[in-house]
Amino acid sequence: MPSTGPLAATISAAATRRTVRAVLDGGAVRSLCQPIASLSTGDVLGYEALSRPEAPAPLDNPQEFLAAASACNLLEQVDHSWRVAAVSRFGPVIAHDQMLFLNCTPSALTSGLLSPSSFQALVRRHGLQPERVVLEITEEQAIEDFAQMRRVVGAFRACGFLFAIDDAGAGASSLQSIVELRPDFIKLDRWLARDIEFDRGRRSMVEAICTFARQVGARVIAEGIETREQLTAFIELGADYGQGYFLGRPAPLPAPAASEARLAIHRANRLRRAAPVVTRVGDLVTITPTVTAATPGSRLMEHFTHNRHLEAVVVLDGRRVEGIVTRGRIFERLSGQFGLPLNGKRPASELCAPATCVDASASPRTAALAALERAAPFQQDPVVVLDGDTLAGIVRVHELLQAVLAEEVAEARNLNPLTGLPGNQRIREHLEHLRDDPAGWYLLYADLDQFKHFNDAFGFAHGDTAILALSRILVDAATAASRDAFVGHVGGDDFIVAVHAEDLETFRAACQRALARPGWFDPEGKLPPETRLTASIAGCPFERVAALSYEDLAATIARAKRLVKRSGGDGFDIFDDLGLPLDGAAEAA
């Protein structure tokens, strides 16, 4: 029977301490790394270093080992040794444009064991610049003194290091850390990933944190992503980066994000880009502090000194906007030998610049024009947004220009007004792009059989409904593709599709299933039940016709479509051997 009581506990504690000390002294730790990938491109931002102690169970579990190290008053030493091991292991092997994320307890920062200058020298010795090292402040310990922590974090920032707050959303302490320390990255706790695809509470919290992060200039990393559905949800909610088994498991050497995850990221973003562009400037606002018109310049200076992310404050006289004070302008006025004595007591109403105010319902284009019409010294000042008579916030000029650019890009796509699909100009551009590497791509032509007869018999409204229905079938089939399939609307009932060979059969099956449904062209059931309408799709390997001019290419693919119609229509045929004369191909068909 195992021994129990105080003596056994003492022996157990001594054995645990010996194990912890042996691992610490012998450097018995395995360093692994897990990718953190962009949720807009799938590219790897960097890697989190993960340490695995080589110790007997249960101390081979990192959390158990760290708890034991804390009980033995060795947590700071273990934490530091693991960080040094990770830097020496991964510093020489990660790409020059990627980052290394290192876990760091609050006490490791404040104890002095990890000093900014010595750590700066260490990372440089192993091939890293401090700007590529992110210190993740973990939640093993609560931060007792935030004023002290801000000073320590400031010293590390001065040496170039970046910071992340880990486990955001897990409790009040992590949220306080975000507000107090203003990290460069906010890592969402992995519990938020569970059921994120349908749990409205979790989704609301993630969306709120992402919105807050944008306002303070931080980027959000979603942890614990294990499924495609979780990945898609975080993309929809605005997370910047992701980490988890679906993107990549911990490994001894850096590796790219999993190919399945990259495809899922591209597909989710393709759907997201299809969403409407911002149409009102109120959707772009950032909340900013306000001061009264009587606030002295010295107090304004404190606002900006204590908050390095603050760009501007709005000066109010009651509810009326008096003006705006920007970081650059206040530092210019109050810095130097005589700046504070001359301007420290002057009221904000005398130190502010005139504010450019627009209503929240105005378009980004209108707001951008108002901003750019200002005198040169004020053109980069944020625009103040009002919701009626109430201050809604500010919008940075570059955000306005980005919104205007997005609107212009959407217009430049030459979208067909009926289907919203790219028109002839965009089709031509896409095909020209494919000419650079046509291998593996198939070009398809789709249209409705005997459409003129249908249109004449039932009218333009039903004709447009049928065209729209066919467009949706093609788009739905293309969206299921693993590669970026393209659907364009030539005009009338004619469509061009570019799909990769890997997805051709999937695309074919999806189209045929949809076109086999009775009344697919009449979703509201307004036509007589016996009404029938079919569609034909024909194609060929793009590589066979890539050298043709755009006009000859269009004519060739249109003739291939007519071959399908000769056999009665309602077909989906691919003509691989275009070396045959088309009449011969027709005989073969």
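One is the number of the first residue; the rest follow in order along the sequence.
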- Does anything in residues 527-542 pair up under salt bridge (Lys or Arg N to Asp or Glu O under 4.0 Å), and if so which pairs, sequence neighbours excluded? Arg532-Asp570
- Query: Side chains of Glu429 and Gln425: do they bring a donor and an acceptor to under 3.5 Å?
  - Reply: yes
- Message: Just so I know, are the side chains of Leu421 and Phe495 near enough to count as touching, which here means a heavy-atom distance under 4.5 Å?
- Response: yes
- Looking at Ile94 and Gln98, what are the two nearest heavy atoms and their distance? CD1-O, 3.8 Å
- Message: How close do Gly282 and Val385 get, counting heavy atoms only, and between which atoms?
- Response: CA-CG1, 4.5 Å
- Message: Among residues at least two apart in sequence or on other chains, which ones pass side chain to side chain donor-acceptor pair (under 3.5 Å) with Glu505?
- Response: Arg508
- Checking Arg262 side chain against Thr41 main chain: does a donor-acceptor pair fall under 3.5 Å? no
- Message: Between His489 and Ile467, is the side-chain contact (heavy atoms from CB on, under 4.5 Å) condition met? List the steps.
- Response: CA-CA 10 Å; His489 190 172; Ile467 292 171; 3.8 Å; yes
- Note: Arg374 and Thr356 closest approach over all heavy atoms is CD-OG1, 2.7 Å
- Message: If you compare all heavy atoms of Ile394 against all heavy atoms of Ala312, which two are closest, and at what distance to 0.1 Å?
- Response: CD1-CB, 4.3 Å
- In terms of the angle between their ring planes, are Phe454 and Phe521 parallel, tilted or perpendicular, with boundaries placed at 30° and 60°? perpendicular
- Heavy-atom nearest pair, Ala355 first then Val384, reads CB-CG2, 3.9 Å
- Message: Treating Asn424 as the side-chain partner and Val490 as the backbone partner, does any N or O pair qualify as donor plus acceptor under 3.5 Å?
- Response: yes
- Should we count CG of Asp389 as having more than 12 external heavy atoms under 6.0 Å? no
- Can you name the side-chain contact (heavy atoms from CB on, under 4.5 Å) partners of Pro518, sequence neighbours left out? none
- Item | Pair Asn269-Ser40, side-chain donor/acceptor within less than 3.5 Å | no
- Query: Judged by modelled atom types alone, do Ser482 and Asp503 share a side-chain donor-acceptor pair under 3.5 Å?
  - Reply: yes
- Query: CG/Asp167 to CD1/Ile186 distance, rounded to the nearest 0.5 angstrom?
  - Reply: 12.5 Å
- Take atom CD of Glu432 as the centre, draw a 6.0 Å sphere, and report whether it contains more than 12 heavy atoms from other residues, nucleotides or ligands. yes
- Message: Walk me through whether Thr534 and Leu515 qualify under side-chain contact (heavy atoms from CB on, under 4.5 Å).
- Response: CA-CA 7 Å; Thr534 61; Leu515 293 171; over 6 Å; no
- Note on the structure: Interatomic distance, CD@Glu502 vs CG@Leu263, rounded to 0.5 Å, equals 8.5 Å
- Note on the structure: The residue among Phe163, Phe185, Phe90, Tyr47 that forms ring pair (Phe, Tyr, Trp, His ring centres under 6.0 Å) with Phe101 is Phe185
- Task: Could you give me the CA-CA distance, side-chain angles and deciding distance for Glu131 and Met99, then say whether side-chain contact (heavy atoms from CB on, under 4.5 Å) is met?
- Result: CA-CA 8 Å; Glu131 293 79 9; Met99 296 180 174; over 6 Å; no
- Message: Does anything in residues 459-481 form a salt bridge (Lys or Arg N to Asp or Glu O under 4.0 Å)? List the pairs, not counting sequence neighbours.
- Response: none
- If a pair satisfies ring-ring contact (aromatic ring centres under 6.0 Å, His included) and one of its residues is in residues 236-261, list it, with sequence neighbours excluded. none
- Query: Going from CG on Leu444 to CG on Leu474, what distance comes out if it is rounded to the nearest 0.5 angstrom?
  - Reply: 9.0 Å
- Item | Non-neighbouring partners of Arg219 that pass salt bridge (charged side-chain N to carboxylate O under 4.0 Å, His left out), sequence neighbours left out | none
- Task: Show your reasoning for whether side-chain contact (heavy atoms from CB on, under 4.5 Å) applies to Gln243 and Arg190.
- Result: CA-CA 9 Å; Gln243 182 180 355; Arg190 63 184 63 251; 6.0 Å; no
- Task: Scan side-chain atoms only and decide if Arg319 and Thr390 contain a donor-acceptor pair under the 3.5 Å cut-off.
- Result: yes
- Message: Once rounded to the nearest 0.5 Å, what's the spacing between atom OH of Tyr442 and atom CD1 of Ile557?
- Response: 11.5 Å
